[in-house]
Amino acid sequence: MKFLIIDFETRSRVDLKRAGTDRYCADPSTEILCMVATEAGNFSSPRTWVCNLLKPTDDDLDVLGDFRDAAQYHAIAGYLFAAHNARFDQQIWEYVAVNDWGFSEVPADSWYCTSAQMRVNALPANLDDATRALNAEHRKDHAGQSLIRKLSMPNEMGQFNEDPALLVQMAAYCAADVAATKDLLNNTRLMTPTEHADWLANERINDRGIRIDRSFAEAATRQAATETAAIGAELSSLTGGVVTKHTQNQRIKKWLLARNPPDMMVKLMTVFKDGQQKQSLASDIRTQILNRADANEIDLAPELYNVIAALDEGNKSSVAKYQRMLDRAEVDDRVRGSFMYAGASTIRYTSRGLQLHNFKRDCLPVAEMDTLRPMLINGAALSQSAVLETLAKALRPTLIPDDGNVFVVADWKSIENRALPWLSDSEGGEKKLDMFREIDADPTLHDMYARAAKDAGTDDRQVGKVIELSLGFGGANGAFSSMAKNYGVYLPDHQVSRIVKAWRLSNKWAETFWNELEKAAKNAMRSPGSVHEAGRVSYLFNGDSLLCELPCGQLLTYPKARLQQGELTALKANWKPSPDDDEWPRYSLWRGLLAENVTQATCASLLRQVIRQIDSVVLHCHDEIALEVSAVEAEDWCALLNKTMETAPAWATGLPLSAPVQIMTRYGK
DNA sequence: TGCGGCGGCGCC
DNA sequence: AAAGGGCGCCGCCGCA
């Protein structure tokens with residue numbers, strides 16, 4: 001393999017963090033300060049180029065000319081262009097380097113991201129953290145941050161600092177980054193061709209972006225500001241000016257607790273975190289307090305009640321997302337670059353910037369949006385009491401297709417509840433799958449949650465849902481109760497115990513599989529280099545990392561794995577070390593976690609498989625895929641999406657899949 | 001002034 | 001022995 005590693009340092013009038021990579025790179029004010037490139041991989045005598053492009057000397061221009069020729073050769077030869085967060089450098093190349101500096105075009109498929117390489121290795125995504133976690137020879141230079149603050153953004157007067165000495169330092173910093181990137185590229189597993197294809201497919205989704213209803217988002221932002229100010233004013237008057245915003249959590253708790261609240265309320269507020277007793281006013285706690293006060297079970301002074309109610313109203317929103325949309329939307333109203341391939345160590349996608357993976361699910365139907373929209377845009381005062389909640393419910397429908405297009409949306413039904421028994425490759429698991437086969441064949445039958453509820457001796461489908469969502473991965477009473485509160489289910493302890501016992505008894509295959517996974521993983525640690533199977537997955541310890549191979553061939557990595565006193569641990573990429581830690585944080589790989597990891601990872605593989613095949617995806621969320629297609633072709637796309645999602649790939653034969661499709665004119669649930 | 005911790009929110 | 005875990009963003013608050 002041959003790589004050309006590239007790193008640009010740039011400056012711009014656009015705020016990178018606020019506007020995101022795509023808007024930043026496309027902006028005409030964005031310029032290159034310097035560039036460093038180096039050859040890596042199979043070169044007999046690798047070359048390195050360093051040039052300052054803000055005020056280039058003749059030497060800089062010579063280096064630049066030489067680099068352009070080399071880059072053109074690399075592109076034609078089909079070598080890979082690698083960068084850490086390649087989306088950034090790729091776009092600087094396309095938007096700035098090609099136009100300003102005469103660089104040749106590089107085919108999109110030739111780009112390769114070393115940050116994505118870190119992530120498929122379950123290592124920290126960012127350069128600094130990755131080099132620290134690996135104890136790499138070259139570390140990211142911390143002076144860089146201060147240089148960026150000085151050189152890359154204008155001061156309050158709108159002027160850029162062009163101090164030649166600082167620019168020289170910047171080029172050195174850039175070269176250090178490239179050296180660090182090279183270490184990472186060389187010392188961890190490269191992306192496989194499939195992983196690289198998955199990364200490329202993800203970048204195509206990022207290029208497509210998703211359109212927002214800009215006028216609505218603007219109006220919603222204004223209305224939310226008015227409403228939050230009103231709640232703040234109310235809190236201020238209730239608390240005599242101590243609390244001025246609903247977000248001032250500490251002040252609110254302190255104020256409430258200083259006013260002799262009823263014991264019952266304090267008891268409800270008490271939570272344990274990391275072995276410490278604390279008070280919380282999280283939403284489920286507020287709901288319980290307010291409900292009991294309504295039912296006269298707690299004698300709550302009116303001003304306390306009103307403070308909690310105001311807090312509840314204010315917190316019911318994620319309306320900051322409207323501003324986020326506006327910050328990141330480009331001139332065509334599309335937000336780009338929101339998805340990250342393998343953002344999670346299970347090779348699941350994550351979403352960032354405009355976080356599309358946590359839009360409130362409970363949302364307004366299109367008809368209500370059509371009523372609300374003109375009112376909001378015309379500035380009419382909304383008469384409804386829960387304005388912020390209404391705005392939060394309008395978040396999903398603010399994502400819209402282009403004129404003449406529709407969304408075609410499908411989601412896999414109970415995909416994790418199917419993948420787990422399938423992976424166990426067991427008789428009991430097969431029986432569980434038979435239940436899904438029956439349900440898929442005859443939709444008039446009860447769904448699985450209703451069945452699980454019935455098995456637990458109740459008619460409450462919500463209880464069934466909590467059972468199936470909480471108990472599959474080794475969780476017991478705590479897991480059940482924690483999930484239960486998300487669904488408004490509150491059961492006494494003895495009932496929870498009974499439900500957990502009953503579920504484990506009638507799903508013995510599950511506990512057997514958890515134990516098999518743990519045994520296989522630990523045995524793999526005890527005999528490096530040998531493969532140990534559990535159900536349809538297998539583990540191997542390569543002396544550094546514990547690897548898990550999924551049925552599709554995808555590897556999961558548990559870096560720096562250790563087995564000490566019977567406890568299996570590994571490096572945890574997305575935990576940050578404390579300043580006094582001399583080692584990267586680690587976590588324990590218990591049986592439930594191993595089961596969850598292989599299940600989520602297998603489901604993520606199914607998702608990627610579909611995404612590789614269909615090139616009109618604009619949104620996805622673990623078990624859900626949305627295409628944006630021409631309205632006149634919608635039915636054809638529905639059929640295609642349904643067929644693609646319900647056809648198990650060759651490696652997943654025997655896994656029953658069901659994925660109903662719908663057409664949407666705004667995004668919904 | 002910037003940064004990180006923390007509590008909180010939302011989803012699968 | 002028991003253990004929800006997987007994410008990212010917002011805003012406050014205290015510290016340097």
Side-chain angles (χ1 to χ4, degrees), chain A residues 17 119 122 125 145-146 149 156 228 243-254 269 271 273-274 276 278-286 311-312 314-321 323-324 327 338-340 342-363 388 392-393 395-396 411-412 414-417 465-466 469-486 500 514 566-567 572-579 587-601 603-604 607 620-624 669:
Chain A
K17 191 167 158 41
R119 300 192 304 265
Q145 277 312 311
S146 113
R149 269 200 297 280
E156 318 78 58
T228 1
V243 177
T244 55
K245 290 177 178 176
H246 72 265
T247 46
Q248 291 161 341
N249 225 279
Q250 299 221 62
R251 289 192 213 178
I252 294 171
K253 273 186 274 195
K254 208 170 154 190
M269 285 175 67
V271 293
K273 198 171 175 183
D274 303 327
Q276 297 237 316
K278 298 189 173 181
Q279 266 81 41
S280 164
L281 275 174
S283 78
D284 62 302
I285 293 169
R286 294 193 306 265
L311 180 63
D312 205 46
N315 275 353
K316 271 219 171 83
S317 67
S318 30
V319 286
K321 273 185 149 51
Q323 187 58 53
R324 205 78 174 128
D327 288 342
S338 291
F339 291 102
M340 181 182 273
S345 59
T346 49
I347 324 296
R348 261 188 170 189
Y349 293 95
T350 55
S351 176
R352 47 172 38 198
L354 179 61
Q355 222 281 54
L356 294 162
H357 278 175
N358 70 347
F359 270 44
K360 193 174 172 64
R361 195 178 163 77
D362 181 13
C363 59
L388 286 178
K393 285 186 182 176
L395 270 165
R396 276 195 192 214
D411 63 315
W412 278 296
S414 300
I415 186 66
E416 291 192 0
N417 290 115
K465 185 163 188 168
V466 172
L469 292 178
S470 68
L471 301 182
F473 302 132
N477 297 32
F480 182 94
S481 303
S482 147
M483 180 65 80
K485 67 172 197 252
N486 296 339
V500 171
W514 307 334
E567 194 194 9
K572 179 75 175 163
N574 58 5
W575 289 354
K576 295 266 188 203
S578 307
Y587 70 136
S588 180
L589 304 176
W590 61 291
R591 61 184 195 172
L593 184 72
L594 294 173
E596 182 187 51
N597 284 178
V598 295
T599 304
Q600 290 194 342
C603 296
L607 179 67
H620 52 75
C621 191
H622 308 305
D623 62 357
E624 176 184 5
K669 63 179 164 185

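Proteins come first, then strands; the chains are lettered A, B, ... in the order of their sequence lines, and each starts at number 1.
Dashed line: the shortest gap from a side-chain N or O of Ser280(A) to OP1 or OP2 of dG8(B) is under 4.0 Å. Within the structure, a side-chain polar atom (N or O) of Lys278(A) is placed less than 4.0 Å from OP1 or OP2 of dG7(B). Arg149(A) has a side-chain polar atom (N or O) that falls below the 4.0 Å cut-off from OP1 or OP2 of dC3(B). Residue Arg119(A) places none of its side-chain N or O atoms closer than 4.0 Å to OP1 or OP2 of dC7(C). For the OP1/OP2 pair of dC12(B) and a distance below 4.0 Å, the side-chain nitrogens and oxygens of Arg361(A) include at least one atom meeting the criterion.
Separation of the His620(A) and Phe339(A) ring centroids falls under the 6.0 Å cut-off.
When the P atom of dG7(B) is taken as reference, atom CG of Asp284(A) falls 15 Å away, rounded to whole Å. Straight-line distance from the NZ atom of Lys360(A) to the P atom of dG8(B): 18 Å, rounded to whole Å. Taking atom NE2 of residue His357(A) and atom P of nucleotide dC12(B), one finds them 10 Å apart after rounding to whole Å. Rounding to whole angstrom units, CG of residue Leu395(A) and P of dC11(B) are separated by 10 Å. Per the geometry, CD belonging to Glu624(A) stands 16 Å off C1' belonging to dC7(C), to the nearest Å. Here the P atom of nucleotide dA2(C) and the CG atom of Leu594(A) are 18 Å apart, to the nearest Å. Rounding to whole angstrom units, CG of residue Asp312(A) and P of dG8(B) are separated by 13 Å. The distance between atom CD1 of Ile347(A) and atom P of dC7(C), rounded to the nearest whole Å, is 11 Å.
Backbone-only contact: Arg286(A) has heavy atoms under 4.0 Å from sugar-phosphate atoms and none from a base. Within the nucleic acid shown, Gly478(A) comes within 4.0 Å of sugar-phosphate atoms alone, with no base atom in reach, counting heavy atoms only. Lys669(A) comes within 4.0 angstrom of nothing in the nucleic acid, heavy atoms only. As judged by a 4.0 angstrom heavy-atom cut-off over every strand, Thr350(A) is placed among residues touching the sugar-phosphate backbone only. Among the atoms of the strands shown, only primed sugar atoms or phosphate atoms (P, OP1, OP2) are found under 4.0 Å from some heavy atom of Phe359(A). Within the nucleic acid shown, Leu281(A) comes within 4.0 Å of sugar-phosphate atoms alone, with no base atom in reach, counting heavy atoms only.
For residues 342-359 of chain A, every residue pair satisfying the salt bridge (Lys or Arg N to Asp or Glu O under 4.0 Å) rule, not counting sequence neighbours, is listed here: Arg348(A)-Glu416(A).
Residue order along DNA chain C, read from the 5' end via each residue's closest nucleotide, puts Ser470(A) first among Asn574(A) and Ser470(A). Two residues, Glu416(A) and Ser345(A), neighbour DNA chain C, and the one matched to the more 5' nucleotide by heavy-atom proximity is Glu416(A).
Considering only the side chain of Lys253(A), dG8(B) comes nearest among dG8(B), dC11(B), dG5(C).
Every residue two or more places apart in sequence or in another chain that forms a side-chain hydrogen bond (donor to acceptor under 3.5 Å, both in side chains) with Asn477(A) is listed here: Ser497(A).
Stacking between Phe473(A) and the base of dG5(C) is absent under the criterion of ring centres within 5.5 Å and planes under 30 degrees.
Taking the six-membered ring where tryptophan is involved, the planes of His357(A) and His622(A) are tilted, since the angle between them lies from 30° to 60°.
Within 6.0 Å of NZ in Lys245(A) there are 12 or fewer heavy atoms belonging to other residues, nucleotides or ligands.
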Once base and sugar-phosphate atoms are separated, protein heavy atoms under 4.0 Å mark nucleotides 9-16 of chain C, 5' to 3', with B, S and - as SSSSS---
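Looking only at distances, no side-chain donor or acceptor of Lys321(A) sits under 3.5 Å from a matching main-chain atom of Leu395(A). With Trp514(A) contributing its side chain and Leu593(A) its backbone, the two residues share no donor-acceptor pair below 3.5 Å.
Rounding to the nearest 0.5 Å gives a distance of 8.5 Å between NZ of Lys669(A) and NZ of Lys393(A).
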